[in-house]
Amino acid sequence: ERGEYRHYMLKEIHEQPNAVAETLEERLTRDRLLPAVFGPDAETLLPAVEGVHIIACGTSYHAGLIARYQIEQMAGIPCNVEIASEYRYREPVVPKNYLFVSISQSGETADTLAALRLAGKKPYLARLAICNVPESSLVRESDLVLMTRAGPEIGVASTKAFTTQLSALALLALALGKAGKRLDQAAEAAAVKELRALPAAIEDALGLNDEIEHLAEQLVHRHHALFLGRGAHYPVAMEGALKLKEISYIHAEAYAAGELKHGPLALVDEDMPIIAVAPNDALLEKIRSNLEEVRARGGSLIVFTDPETGFEADAHSQVITLPKAGGKLTAPALFTIPLQLLAYHVAVHKGTDVDKPRNLAKSVTVE
Ligand code: M6R
């Protein structure tokens with residue numbers, strides 16, 4: 001079933017263009033989001049939404065963190081994102097007209113289900129599940145459902161589930177933006193165009209494979225790595241760090257690059273690889289100056305960036321340039337691709353059990 005691929009994870013990484021296309025299929029016209037995407041009730045419900053609580057675990061939580069930037073920007077409503085295992089043991093205060101959103105590949109994660117059940121006792125407008133398994137408990141128990149169509153994900157490290165979640169969440173941001181009348185037709189058409197270009201852009205990003213495989217050799221003997229990003233790419237850095245630690249057992253941490261000088265900069269020396277996600281967006285100059293601080297302390301840098309951002313490779317820094325820049329809705333998914341490949345190749349070089357990392361289960365059905 002793995003076919004030509006050495007591991008399920010690699011196969012699933014390469015399935016992403018198709019999985020994302022499937023997830024967007026029949027939900028968009030050439031320049032519009034179709035109204036039926038969230039079911040018949042959504043048409044009256046979405047215009048009433050004044051805020052969103054997103055709950056998930058692990059990689060699905062990272063997808064939620066990215067969506068927050070998009071929902072706040074496109075819909076102009078507050079959005080909070082929280083880990084299910086924390087949410088379920090708080091007494092969450094739910095303001096009027098809030099939408100509860102759970103995100104889960106499996107739909108069977110114990111903490112996420114417990115959070116959903118707790119939310120059922122709170123005055124949410126509705127509970128929406130973004131999930132990959134139609135017959136799962138999460139789907140059965142939610143009021144609204146938006147399925148990701150990644151197909152079965154076998155590798156414990158989540159890859160195609162994540163990028164399809166990002167695609168589904170982009171649809172949610174769009175729908176909320178439209179429902180709140182904040183997004184005009186031209187903005188909607190531009191967002192739809194950007195999303196429709198995502199599968200091909202992911203395909204192009206997969207072309208970085210050989211370059212990244214080579215780069216991965218340098219990380220094999222490292223014990224630590226620091227991932228940096230800003231804005232919506234901070235959670236992308238978190239996802240990159242999670243992938244690396246999960247399958248290669250290298251201790252990896254992610255920081256918002258602006259936090260560096262509040263502590264982690266003390267860790268930076270020539271033995272600390274710094275992996276930065278630096279797209280050509282409004283925060284480019286901010287992260288550039290953060291990376292200068294790292295360079296000044298002798299850190300070795302690996303910068304993932306867009307064309308024409310002006311990062312130059314030298315003795316202490318390597319630059320990996322994505323073939324084409326994405327926009328606000330799609331850049332986080334695109335920058336995730338090289339980070340998945342990096343974690344994968346480091347793990348293969350190290351000889352770990354890539355598809356079944358030690359101590360982990362694919363679906364965490366116990367607390
Ligand atoms: O099935 P779920 O999306 O609810 O799973 C949540 C996490 O357990 C999962 O994303 C986990 O973090 C992955 N192993 C990460 O690669």
Side-chain angles (χ1 to χ4, degrees), residues 7-13 15-16 19 23 54-67 81-88 100-117 119 127-142 145-169 227 235-250 252-254 333 336-337 339-344 346-347 352-367:
H7 297 98
Y8 280 108
M9 182 181 177
L10 188 62
K11 174 171 180 264
E12 288 161 2
I13 287 173
E15 281 171 352
Q16 288 177 110
T23 298
I54 299 181
I55 303 300
C57 300
T59 287
S60 299
Y61 168 66
H62 296 155
L65 288 174
I66 291 166
V81 190
E82 194 173 353
I83 299 166
S85 59
E86 287 299 316
Y87 175 90
R88 65 178 288 194
F100 177 91
V101 179
S102 63
I103 311 170
S104 173
Q105 188 284 126
S106 62
E108 302 296 348
T109 300
D111 284 322
T112 308
L113 280 174
L116 174 77
R117 288 167 191 155
R127 295 171 302 157
L128 165 69
I130 293 182
C131 189
N132 197 43
V133 180
E135 57 280 3
S136 63
S137 309
L138 198 76
V139 167
R140 270 188 279 115
E141 295 182 33
S142 294
V145 173
L146 181 61
M147 296 308 300
T148 49
R149 300 183 189 130
E153 191 181 62
I154 310 289
V156 165
S158 187
T159 53
K160 61 178 179 170
F162 180 68
T163 44
T164 56
Q165 285 165 351
L166 291 180
S167 309
L169 286 159
F227 285 70
V236 170
M238 293 168 78
E239 174 60 7
L242 176 59
K243 287 291 91 96
L244 188 68
K245 72 184 108 180
E246 187 176 25
I247 58 170
S248 78
Y249 315 148
I250 293 174
E253 272 196 87
T336 300
I337 307 299
L339 300 183
Q340 293 169 343
L341 288 169
L342 183 66
Y344 173 76
V346 173
T352 60
D353 190 347
V354 172
D355 286 331
K356 285 202 181 69
R358 67 187 183 200
N359 310 339
L360 298 177
K362 178 63 185 162
S363 180
V364 185
T365 55
V366 292
E367 188 176 344

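Just so we're clear, the structure is a prediction, and the values are computed from it rather than from any experiment. Numbering of ligands and ligand atoms starts at 1, following listing order. Counting from 1, the numbers follow the sequence of the chain as shown.
The protein non-hydrogen atom at the shortest distance from atom 14 (N) of ligand 1 is Glu246 OE2, 2.5 Å. Scanning the protein heavy atoms around atom 6 (C) of ligand 1, the nearest turns out to be Cys57 O, 3.3 Å.
Within the structure, salt bridge (charged side-chain N to carboxylate O under 4.0 Å, His left out) pairs that include any residue of residues 55-65 do not occur (at least two apart or interchain).
Within the 4.0 Å heavy-atom criterion, the part of Lys243 lying near ligand 1 is the side chain and not the backbone. Residue Glu108 does not touch ligand 1, judged by heavy-atom distances below 4.0 Å.
If you number the atoms of ligand 1 from 1 as listed, the ones under 4.0 Å from a heavy atom of Ser60 come out as 2 (P), 3 (O), 10 (O). Each of the following atoms of ligand 1 lies closer than 4.0 Å to a heavy atom of Ala157: 16 (O). Under a 4.0 Å criterion applied to the non-hydrogen atoms of Ser158, ligand 1 contributes the atoms 15 (C), 16 (O).
Contact between Ser363 and ligand 1 is absent, with no heavy atom of the residue lying under 4.0 Å from the ligand.
For the salt bridge (Lys or Arg N to Asp or Glu O under 4.0 Å) test, no residue two or more places apart in sequence or in another chain qualifies with Glu86.
With Val101 as the fixed residue, the side-chain contact (heavy atoms from CB on, under 4.5 Å) test singles out one of Leu128, Val81, Ile55: Leu128. When Lys243, Gln105, Gln165, Glu246 are each tested for a side chain to side chain donor-acceptor pair (under 3.5 Å) with Thr59, only one passes: Lys243.
The shortest N or O to N or O distance between Ser104 and ligand 1 is under 3.5 Å. Looking at ligand 1, you'll find an N or O of Ser106 within less than 3.5 Å of one of its N or O atoms. The shortest N/O to N/O separation between Gly58 and ligand 1 does not fall below 3.5 Å.
Checking side-chain atoms of Thr148 against main-chain N and O of Cys131 turns up a donor-acceptor pair under 3.5 Å.
The shortest side-chain heavy-atom distance between Val133 and Glu108 does not fall under the 4.5 Å cut-off.
Comment: Glu153 does not engage Lys160 in a salt bridge, judged by the lack of any side-chain N to carboxylate O separation of less than 4.0 angstrom.
Between atom OG1 of residue Thr352 and atom CD1 of residue Ile247 there is a gap of 6.0 Å, rounded to the nearest 0.5 Å.
In this structure, of Val364, Leu138, Thr109, Thr59, the residue bringing a heavy atom nearest to atom 2 (P) of ligand 1 is Thr109.
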